[in-house]
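Worksheet: the structure to be examined is printed underneath.
Just so it is clear, the model here is predicted, and its values are computed rather than measured.
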Amino acid sequence: MPASTAPSVRRLRSTARAMLPFPEPESWLDVGTGDADFPEAARTFFPYTAFDGLDPAPRVVHAQVVERLEEAHLGGLTDAHITTRLRARYDVVSLLDQSPGPDELRAALFVLRPGGHLLVESPDDPRAELESQGCTIVTTARRSAHVPDRVTTRLARILPPWATGPLIPAARVLDHTLALLLAGTRYARTYRVIARKNADAATREARSPDAGPAEAHSADASAP
């Protein structure tokens, strides 16, 4: 059976810690939350934050039932009924392990309050697009493409148990050393960007108070 590709709790907590320098948010929307693993990990650092989740799969509803989420929203970020209902509701919106395009970033900003923060982890650099939409880039980091336990896992697959025992401790040390060395280099393929929604981004939305993000964008583009 292939090894799971789900993010580890350690990695999820590392992502959540990136928001610690900022005031604790009252409300946080995790986009593509799935089973709400990230909100569950982030609650360690933000115990008074209300975490909501958005996902097109019904498991987001189950995550609410088991009290991993305050509210579950079934659908996609760019769905008109989602953005209209959630407009300017959140202090933080997170888009993790995704490659959001301009429409997704615009929708994320649409549900974010002015002065709120957008947390993006993506293999593509979102900074230029976010700046074009009136955001200030607060922090940027690169996460190593090397996943801890990769060497450890491969040893267990190719060697019999009696041979792997003495090698596992050394393999674990090698895994974590590689992860540290590759972080912040050109081999680190994932961007972690925190952007703040500025007042001018909110002003663009206010020009079309009844429109969704796509309509607001069209109105802004046609303005003299």
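Q64 contributes a side-chain N or O that, together with a main-chain N or O of E70, makes up a donor-acceptor pair within less than 3.5 Å. Between the side chain of E131 and the backbone N or O of A128 there is no donor-acceptor pair closer than 3.5 Å. Although no hydrogens or angles enter the test, the distance criterion places no donor-acceptor pair under 3.5 Å between the side chain of K197 and the main chain of G116. Using modelled atom types, one side-chain atom of D55 and one backbone atom of A57 make a donor-acceptor pair closer than 3.5 Å. Panel note: side chain T84, backbone H81; no donor-acceptor pair is recorded below 3.5 Å.
Scanning for side chain to side chain donor-acceptor pair (under 3.5 Å) contacts around T139 gives an empty result, with sequence neighbours left out. Checked against side chain to side chain contact (heavy atoms under 4.5 Å, CB included), S99 has the following partners two or more places apart in sequence or in another chain: S122, P123, D124. Scanning for side chain to side chain contact (heavy atoms under 4.5 Å, CB included) contacts around R113 gives E26, S27, D91, with sequence neighbours left out. Annotation: side chain to side chain contact (heavy atoms under 4.5 Å, CB included) contacts of A36 (sequence neighbours excluded): T33, P39, A63, R68, L69. Residues passing the side chain to side chain contact (heavy atoms under 4.5 Å, CB included) test with L74 are V60, sequence neighbours excluded.
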Check against side-chain contact (heavy atoms from CB on, under 4.5 Å), L130 and V193:
CA-CA 10 Å; L130 289 170; V193 175; 4.2 Å; yes

Residue pair R11, D37: steps toward the salt bridge (Lys or Arg N to Asp or Glu O under 4.0 Å) verdict
CA-CA 11 Å; R11 179 182 148 192; D37 291 335; over 6 Å; no

Under the side-chain contact (heavy atoms from CB on, under 4.5 Å) rule, what do M19 and L119 come out as? Steps first, then yes or no, please.
CA-CA 8 Å; M19 296 302 301; L119 171 61; 4.1 Å; yes

Go through E104 and E129 one step at a time and tell me if the side-chain contact (heavy atoms from CB on, under 4.5 Å) criterion holds.
CA-CA 11 Å; E104 286 78 16; E129 181 61 35; over 6 Å; no

I would like to know whether T15 and E121 meet side-chain contact (heavy atoms from CB on, under 4.5 Å); could you show each step before the answer?
CA-CA 9 Å; T15 299; E121 281 193 352; 2.8 Å; yes

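For the residue pair F38 and D30, the shortest heavy atom distance occurs at CD2-OD1, 3.7 Å. When all heavy atoms of L105 and L95 are compared, the closest pair comes out as CD2-CD1, 4.4 Å. Shortest non-hydrogen contact noted between L54 and G75 is CD1-O, 3.4 Å. In plain terms, the two heavy atoms of A107 and T83 that are nearest each other are CB-CG2, 3.9 Å. Looking at every heavy atom in both residues, L12 comes nearest to A41 through CB-CB, 3.7 Å. Residues V120 and P126 come closest through the heavy atom pair CG1-CG, 4.1 Å.
A salt bridge does not link D79 to R85: none of the charged side-chain nitrogens sits closer than 4.0 Å to a carboxylate oxygen.
For the pair F22 and V138, the minimum side-chain heavy-atom distance is below 4.5 Å. Residues I194 and H117 have side chains in contact (heavy-atom distance under 4.5 Å, counting atoms from C-beta outward). Residues R89 and L29 form no side-chain contact, since every pair of their non-hydrogen atoms from C-beta on lies 4.5 Å or further apart.
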Which atom pairs, donor and acceptor, lie under 3.5 Å between side-chain atoms of residues 45-53 and protein residues at least two apart or in another chain?
from	atom 1	to	atom 2	distance (Å)
T49	OG1	P25	O	2.6
D52	OD1	E71	N	3.1
D52	OD2	Y90	OH	2.6

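In summary, the side chains of N198 and T136 do present a donor paired with an acceptor at a separation below 3.5 Å, with no hydrogens or angles considered.
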